[in-house]
Each structure stands twice: as C-alpha cells, then as structure tokens.
Amino acid sequence: MRFMLLFSRQGKLRLQKWYTATAERDKKKMVRELMQVVLARKPKMSSFLEWRDLKIVYKRYASLYFCCAVEEQDNELITLEVIHRFVELLDKYFGSVCELDIIFNFEKAYFILDEFLIGGEIQDTSKKSVLKAIEQADLLSPYHTC
Amino acid sequence: MPAVSKGDGMRGLAVFISDIRNCKSKEAEIKRINKELANIRSKFKGDKALDGYSKKKYVCKLLFIFLLGHDIDFGHMEAVNLLSSNKYTEKQIGYLFISVLVNSNSELIRLINNAIKNDLSSRNPTFMCLALHCIANVGSREMAEAFAGEIPRILVAGDTMDSVKQSAALCLLRLYKASPDLVLMGEWTSRVVHLLNDQHMGVVTAAISLITCLSSKNPDEFKTCVSLAVSRLSRIVSSASTDLQDYTYYFVPAPWLSCKLLRLLQCYPPPEDGAVKGRLVECLETILNKAQEPPKSKKVQHSNAKNAILFEAISLIIHYDSEPNLLVRACNQLGQFLQHRETNLRYLALESMCTLASSEFSHEAVKTHIETVINALKTERDVSVRQRAADLLYAMCDRSNAKQIVAEMLSYLETADYSIREEMVLKVAILAEKYAVDYSWYVDTILNLIRIAGDYVSEEVWYRVIQIVINRDDVQGYAAKTVFEALQAPACHENMVKVGGYILGEFGNLIAGDPRSSPLVQFNLLHSKFHLCSVPTRALLLSAYIKFINLFPETKATIQEVLRSDSQIRNSDVELQQRAVEYLKLSSIASTDVLATVLEEMPPFPERESSILAKLKKKKGPGAVSVELEDGKERGELNGGGDRGGDAAIAASNASTPSPSADLLGLRSTAPVSGTTPSAGSLLVDVFSEAGPSATSAGVNDDGFLSSAPPTVASEDPAPPLPESDELLNKFVCKNNGVLFENQLLQIGIKSEYRQNLGRMYLFYGNKTSVQFVSFNTTVSCPGELQSQLNVQTKTVEPLVEGGAQVQQVINIECLTDFIDAPLLNIKFRYGGALQNISLKLPVTINKFFQPTEMAAADFFQRWKQLSQPQQEAQKIFKASHGMDTEVLKAKLLGLGTALLENVDPNPENYVCAGVIQTKAQQVGCLLRLEPNAQAQPGEQMYRLTLRSSKDTVSQRVCDLLAEQF
C-alpha cells in the first residue's frame, strides 16, 4: 500500500498515512486531486478506480471516506477488507466510532493504524491482538481516567 | 466538545481542536493557530522546565497544526526529548511526531537513532514495537544504515515476543524496499523462510509480506518457501470456518494470509515436485469449488473475503498458464461474475479476464463472453467499469471478431466519456490495423474515427493511415475515393483535411477519371477548407497543390494563381510564404520531367512498429498493451514492406533529390533517408529501412519454434545453446532481418547490415508480458578459436525491460579471418522472480562478408579452371527440401551476398554466382554453381552444389551453409 487517507464528505482530510517517502508538496497535490475524484463518484459505482499509476480502493462509512492507494499487483477486495477491519478496530476502541472521535483523538487513530499496518503491510489481522497492544498502552498511561 | 476522551485525555488539546472547529473563516483559523504557536513557543523557551505531560500536550498540538496543513519549524527537539521518557504515552507521542515530521537534520537523526537504539535493547516489548514502528514509518537511509543489521537478529531470535517479531518483519521489509543494498539476509535466509511455519498466525501474516518481497528479488535463495507455502495454504483451505478463531473473518478462514500465500507462489513457476504440485492444484480446485457453494453469511465482508482469495487463486492459475482445465474453470467463474449485481465483482471480473485473454488456453473461452462485455460497455453506469470493458474487448480481439469489436468501439466512441476517448481512439486504430483483412475496411474505420472523434485523433493515427495507404497500392484508389467523399461534408475535422490533402495529392489521379471528381473539382474541394485550417495543415495543403500541378497539368494555371495571391506569397507565416514562393517558382521554371521527378509519388515507408502502439504504451503505462506484441509476420503483411522492398529501394534513391514534399508528413524520422544507392548495403542507410534484396524475406517466419516453452534453467551460468539454435542460424544465412527467437515471454528481432569485413547488428528484445524483466543482461561470446577470427563488440542494455517494452542493442562485428562457428548470444533476466537463461547462436556467418562480383562468362570459366585443385572445391548433392521456384532460388542466392551471373552457364537451368569474402586478413574469391534437376518428380528433386574458392575452409563452410537453404 502506498498511502491511506481518511476524509470527510466536505473534503476535509482527517487522517493521512504515507508508506513511501513523498514530498509535502506532492502530498498536498495528490490529496486534493484524489479527493476530487472520489467525492465526485456516485453511490452505486465500483469501489475501485485507476488513478495515475495506482489502484485506488475506497469505501464510505457514514460521513467519512476511507481511501487506499495500492499497487498494480495488489488485491482490491482484500484491500477493501483492510479498510473494514480498520473501521472495526476504531469502532471497538472508541465504541461506535464517529468522525468526531477521529478529529479529537487523531493521535489514537494513528496509533491504532500503526498497530494494524506497518509500512503499508498488515501486521496482524486479529482484532484481539491489535487492540491488546493499544489497551496495554492505555494501561501504562499514568493519566488513565476511564 | 465530545465526551469521548479515552485513555490519557489531554484537555488543552481538546479545547484547542474545538476552537479551531468553531472558527468561522480561514482567517480566524490562522489567527487562532498563530496565537497557539506563539503560546507553545514561549512555553518551550520559558525558564520553567516543562513536565512530561505539558511537553507531550504541546508536541501533540504542533502535530495537529501540521496535519491541518500548516508549516511547523520548531518543537522537534522537544519531541526527541519525549522519546527518552519512561512514560509510554509520552514516548508514543514523541515517536508519532518524529514519524510524521522527520527531516534530515543530521544532528537530530543522531539523537533519534540513539533513542531508538535504547528502546530496541530495552527488552520491553511495547517500547521495542514503538521503536520499530518509527523506523518503518521514517524508512530513511540513515535509519537503514543504523538498524538494518540489528533487526534481522531480533526477528529470528528465539526469545523475541511474537508482537515484536511481527513489527520487526515489516520494519525490515520497509528498509529493504527503500535501501535493498543495506539489508543483507544471507545467514538469516532459512530462518526467515521458516517463519512460514510459525505457530502464531499473526507472525506468519507479517513475515510473509517480507518473504514475498525478498523472493521476488532473490527467488533462488528463497525457493524452499514454495513447499512451505503450499502446505500452509492447504491447511487453511481445508480448515473449517471456525478452526482459526480470531483469524477467521466473517466465516472465511484467514483470508489475508491465504491471499498472501497465493501471491508468494506467483513469484515462482509451478512446483516441480509432483506431490507439492498435486497438493496445490487441489487447493486451487477447492477454492474454485467454494465459489459455487452458498454463502455462509449475507454480509458483503464475507463475500469480499471469499472472492479476494478466489481472484488471487485465479491470478496464480493465469501466472502458471499451464493447467488448461483450471484456466477454463477460472474463465467460467469470471463469466458468472460479469453479470453479478455487485459492481465491484463486475469490475474485477473484467479486469482479470483481460489477462486470461492472452493465454492460449483460455483465449477462446474468454471470447464466448463477447456479448456480455459489449453490453457492459454500453450499459454500465460507472465509467471505470466501462473502461475495463473496453480494455477487455481490446484484449480479446482477434481476426475472427475484429470487425464486430471495432464497430462496437466506434459506436461507443460517439458517447464515450471525454476522459477515455483518446485511449479508445488509439485502441480502435491499432485493432483496425492489426486485424485488417481488407484495407478498404481499415481506411473506412480510420476515417470514421476522425469523423466521430477527430479532436482525439492524435498525429500518430493519421500518420499511420497515410503510411499504410502509401505502402499498399491496392487500397490507394479506394482511399482517394473515400476521402474525397468524406471531404464533401460541410464541416469536417481538420485531421480529415490533412489526410484528404495528403492522399489526394498522391493518388488523386486514381479518381480523376470520374467527372464528379475531376482534378479541378478535387482542388476546389480541398481549397474550400484551406482558410479554416491551422498553419501546419495549410502548409500540407500547399504541398498537395504542387503535387496536383504534377499530377494534373490542367490545374497548373488555377493553382499558380492561388499561390501567387497575396494571402499566400506574402503570408505573415514564414513557412507558408516560403512554400508558396518556392512552389510557384518550381512550377514555373522546372520542365515536366524535372517536376515529375521531384514530385514523384512517395516511396513506401520503411516497416516499423506502429507509432500508435508506442503512444498507447506511453499513455497506459507498460504492460497495458502487452497482448499487442505482434509477430514479425503480421507486421510485414500490413506494411507491405515485404513485397515492396525492391520498389522501396528504387524510390528511396529518387527521394534523395531535395523534394519539397519530403516533409509533407512532418515525419522527418520516418522519411526514407538515402544518400547512396541502397545496393551498396551502406551503413548510412536508415537502419530501419528494408532496403536491399534481403527485405524480400523479412517477415517470413512461420516455423514452429514459436511454441517452444520458456527455458527455466535456474543457473547463473549461461545455458547451453537451445537445440534449435542451429536451425535458427540457418534461417538467417540468406537474410539479414527477421525474428530470431520467440517464446511466451520474449521476442528477439534482428536487423543487420554488412559492408566489407564489418557488420552491424541491431537486436531488439521485446518483453511480451505485462511484467517487467529485471536484471536483464545479455552477453555475446566467441567460443574457442572464433575469438581470434571475429571481433565482436556489444553495448550493454538497460537491466530493466518494462512490460510490453522493447529494448535495442547494437553489436559491431569485425571479421578478422574466415570462420566456421557462430558467436553465442546469452540472455539472462528475471521474470516474476524466475531466472530465465537462454543461449542462441547469433546469425553471423561467413557469407555475410561477401562482396558480389559481376563478371562475364569467359572470366568466370577462366577463374573456375584456376581453382581446380581438389581441396579448393567443395561439393554436395542433396535432396530439395522446398520447391524449385526460380524466383525463390534467385532471391536466396542474392541473399547469400554473391552476384548472380546471368547467361554464364550453358545450361539455363543452372545458377552460377561469384563473390569475394572480405576479411581483415585476406580476401577470398569464391565461385558457386548450383545445378537443380527440376524435371524430376517432386520428392525426387535434387541439387548439386559446387563451391570453389582460394581457401578450402571457406569452400567447405559456404557449401555447408548453402546446402541447408534449398
């Protein structure tokens, strides 16, 4: 996977994760261009499209678009389920996650993503394993309030 | 503000985010941010030491500001400080900041690396994981230099926790991708491969990504992974849907791992071990069977996961391309998906079928779905699905369905999305050319293309139609008639005017007999468009006009008047003015003969790869057009280069007069270049042009070696020459150009030229697949004594050959003395991980250095007698293996390089030839006599071939070579 973006229907970027070195300027340009392409698509359309030399796999959950750029030989359907598993992880952690959770706890979203994917590849597909890592971290936190 | 603030809530951060969200304008947001930045800066600079929590909070705010898209130029040091905190969340925020905002500040990198080093050696698994994540996120070269040695050790150490192993595997992968030279697996290789056997599914899932990447780069070192992967896959596929507990995803056992295992296997050819292969085929069959079972859940996640495995299995089946049964089953399965209600599945089925279409086993099966695919092109509501449908139609096109597919694509073009029109135009143009059986259909198609989508017809497309019309005299009259009719339309596209101008200028005479298209009518029609056209088109029309003056003297006065008008002769555009002035002058002072010579019909264009194909490749990226790599035969047919080679040579020499029409096409590069007469075999002649007698045999290459399987010798030593390499060598004794070798992956074409004792050979390596060849390397060697007989120099080729691309290699050859063996050409490259190693004989034979010698009968016989010592003569009597067609025989003897002497032998049935072989050391005169007994029954026909030369080895070698030709 080259990168993952989360953005809202209004075109606000909520999370960006780049798995190859990319200059800040190029990132901004790519984000802008890709958001435009994806937001213009209608509900019944396929979740896949060709964009530049990449395959884009995206899915909308409520007000948020989850969008992955993968390479030519990558499997589109399994990428779609990578997105879904990530959503499930967020959901489990935040308890029915919504866009606001990701805005206000953006750093947590990044941590969860890091436990799930490293360098764009899946580290573990088990929900339990991933969340165990995060929750362990929370337990270690001296400010733990829950 | 939401209540959710789990874990270590940072209240100040939440307030700040809330403020930003409440900003009504961009200005307000910037103001708020600047206020916050000033606040943070003062805190960081303040005298009071900040506690860890505050530091963490401010660093996190900076990160938030950065992610909003603002620049951050401070806070890095504070983030680095957090790395050495003992509190997990502080460390975590520090690492996150570094991961997102790293820059190559060397001072900082050293500090960061130090902190990472400490965490890696802390033996605290959560800290170790954080450090590994950071290395993977940054992935820089400095990081690789610091840690590439340490991480493999962590990965394979017995006491490493599973979660750390997982992070280490993927961290290493990231470093390997960024700096492969710094990651040395060596001693770790086998232990890494054995991670495939790990108890923990998560470890296997992470490790397999690393192993796949390493295998694709070093397949030999990792090949033991094949059997391990097959047995792991087999266990997953045969497990019940609940066996794998948390690794079962919506009733599908370990879908991610299954996909990755199937992907890993695609780095290798089918397993050689029968048992392993049997087990794998069983797995693939099970996966195909499962697709037919009723779903265990209605959730889309269930079907997606299940089908992800299915598509990956189909990819593997296509990759192997050796199991007809599985290929056809795959095709049927995809056929079902073509009509599925899920858009995603239709999309993927169309995409996957594209690759199936190029397999010989499944091409026919794919074709049966043509109606569904055409329907998809017409009715799909999603442009990306329609695009896939168009791609598939293109891939499944062959002679049998070309007319239907091209017609459908043309009609789709009328309403096609703007974004894909240009590509569609290129595809139609290529298919129309490739599968044209009759050329009137081709001309109609291209003119339709211009009519329907003129704006999207690039230069290449109309250049090409002109090249083909020029090269095919049987279609010229039809083309002239058709463009004439097309130009009648009140509004026609400028590209149509270009084609019309060019074709009428060349072939308007072919329709001038009809009073409805008399010369003047043609001229007036063209000229009526003139003022609406751009400068380049006008320039082209002016050239057409001067050609008219030559074709139709009766139009001279009218055209001269047009040229003389102020709007031409005083045109503000220099090019137009110059043409008008020069053409006017030319038409007034040149005699009819001179005019006829200067304005001669354009000579045929040299045969070459369609520039449209190149354009499509550029547009779609390599690989997209791999199915299009046509064999030399088809191309030869189309260009007519084969049977018109002789004319080309003659016409090319005419074109050497500076003709004003030479640049009519604007295609300087394809205009025949000729300063000398082509018969000299000059190296100055455009190397691509098929000048000279050898052209006659270009494109004749229909022997059965096309089907030879790709050799997969897994050794780094050059493979022994292919068994058929002698046969291949023989094919080139009498010709210089053609396809030397072809298998499923690679096509090697040759063009060569010789003069005196020097030769130059161009090898064209075509990648027929959609996958790049890596470590592509070719060597030419002269075994044994050949080393002292031939001097061969090669230029190296780029090590990477993109899918569908062609690379060229130049070889210079100097003949030092006469020789018998041929140089060896060895080609090595990696395709999908497997090493390909092919050796061939390079068709350099002694006869290539012949200079033809013309001589009269008396001279011939005198020399024949002078060479009467027994060792000077070589003779062979052999059965004819082909018919005794006079023209074919003559062409072959000319191709040999000797002069064919007419009226020398008293028996007119016999052929005699003479030539001198030029080597650096000496010149060897050579006489040849070939006596056929043409009257004999077919099957009984024999030849007697006699060679005499001043050197016995030469007589023998030429005799041996030539005896194989008849």
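Labels below follow one simple rule: chain letters A, B, ... track the order of the sequence lines, proteins then strands, and each chain is numbered from 1.
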Find out whether [X] and [Y] are in side-chain contact, i.e. whether some heavy atom of one side chain is under 4.5 Å from a heavy atom of the other.
X: B:R388; Y: A:E50; value: yes
X: A:I122; Y: B:L257; value: no
X: B:H133; Y: A:Q123; value: yes
X: B:R21; Y: A:I103; value: yes
X: B:I93; Y: A:F111; value: yes
X: A:D124; Y: B:H200; value: yes
X: A:E107; Y: B:L63; value: no

Basic-acidic side-chain contact under 4.0 Å: B:K306, A:E81:
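A:E81 and B:K306: not salt-bridged.
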Can you tell whether the side chains of B:K177 and A:E121 come within less than 4.0 Å, N to carboxylate O?
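Counted as a salt bridge, because a side-chain N and a carboxylate O are separated by less than 4.0 Å.
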Do you know which of [options] has the most heavy-atom pairs with chain A at a distance under 4.5 angstrom?
options: B:G139, B:A136, B:C60; result: B:C60
options: B:E380, B:R263, B:K260, B:E342; result: B:R263
options: B:T205, B:V138, B:N304, B:N307; result: B:N304
options: B:F311, B:F16, B:Y95, B:F64; result: B:F64

With a 4.5 angstrom heavy-atom cut-off, is it the side chain or the backbone of [X] that approaches chain A, or both, or neither?
X: B:L67; result: both
X: B:L132; result: neither
X: B:Q266; result: neither
X: B:S163; result: backbone
X: B:R346; result: neither
X: B:S167; result: both
X: B:L348; result: side chain
X: B:F66; result: side chain
X: B:C129; result: neither

Between [X] and chain B, with a heavy-atom cut-off of 4.5 Å, which part of the residue counts as in contact: side chain, backbone, both or neither?
X: A:K28; result: side chain
X: A:F48; result: both
X: A:V82; result: both

Compare every heavy atom of [Y] with every heavy atom of [X], then report the nearest pair and how far apart it is.
X: B:L13; Y: A:F106; value: CD2-CE2, 4.3 Å
X: A:N75; Y: B:C259; value: ND2-SG, 3.8 Å
X: B:D246; Y: A:K127; value: OD2-N, 3.5 Å
X: B:Y249; Y: A:R85; value: CD1-NH2, 3.3 Å
X: A:S46; Y: B:N344; value: CA-OD1, 3.2 Å

What do the steps show when you test A:L117 against B:L170 for side chain to side chain contact (heavy atoms under 4.5 Å, CB included), and what is the final call?
CA-CA 9 Å; A:L117 301 178; B:L170 293 177; over 6 Å; no
Rounded to the nearest 0.5 Å, how far apart are [atom1] of [X] and [atom2] of [Y]?
X: A:Q73; Y: B:E312; atom1: CD; atom2: CD; value: 9.5 Å
X: B:L96; Y: A:D114; atom1: CG; atom2: CG; value: 7.5 Å
X: B:S209; Y: A:I118; atom1: OG; atom2: CD1; value: 10.5 Å
X: A:K42; Y: B:R381; atom1: NZ; atom2: CZ; value: 9.5 Å
X: A:Y19; Y: B:N137; atom1: OH; atom2: CG; value: 7.0 Å

Taking atom CG of B:D51 as the centre, does the number of heavy atoms from other residues, nucleotides or ligands within less than 6.0 Å exceed 12?
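Count over threshold, so yes.
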For A:R9, does the CZ atom have more than 12 heavy-atom neighbours from other residues, nucleotides or ligands under 6.0 Å away?
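Count not over threshold, so no.
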Would you mind telling me which of [options] has the largest number of heavy-atom pairs within less than 4.5 Å of chain B?
options: A:A21, A:S47, A:G120; result: A:S47
options: A:E72, A:K44, A:M45; result: A:M45
options: A:K12, A:R14, A:K27, A:E24; result: A:E24

For the backbone of B:G202 and the side chain of A:S126, can you confirm whether one donor and one acceptor N or O come within less than 3.5 Å of each other?
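Flag not set: sc A:S126 to bb B:G202 has no pair under 3.5 Å.
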Check: A:R41/B:S384 side-chain N/O donor and acceptor closer than 3.5 Å
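Side chains of A:R41 and B:S384: pair found under 3.5 Å.
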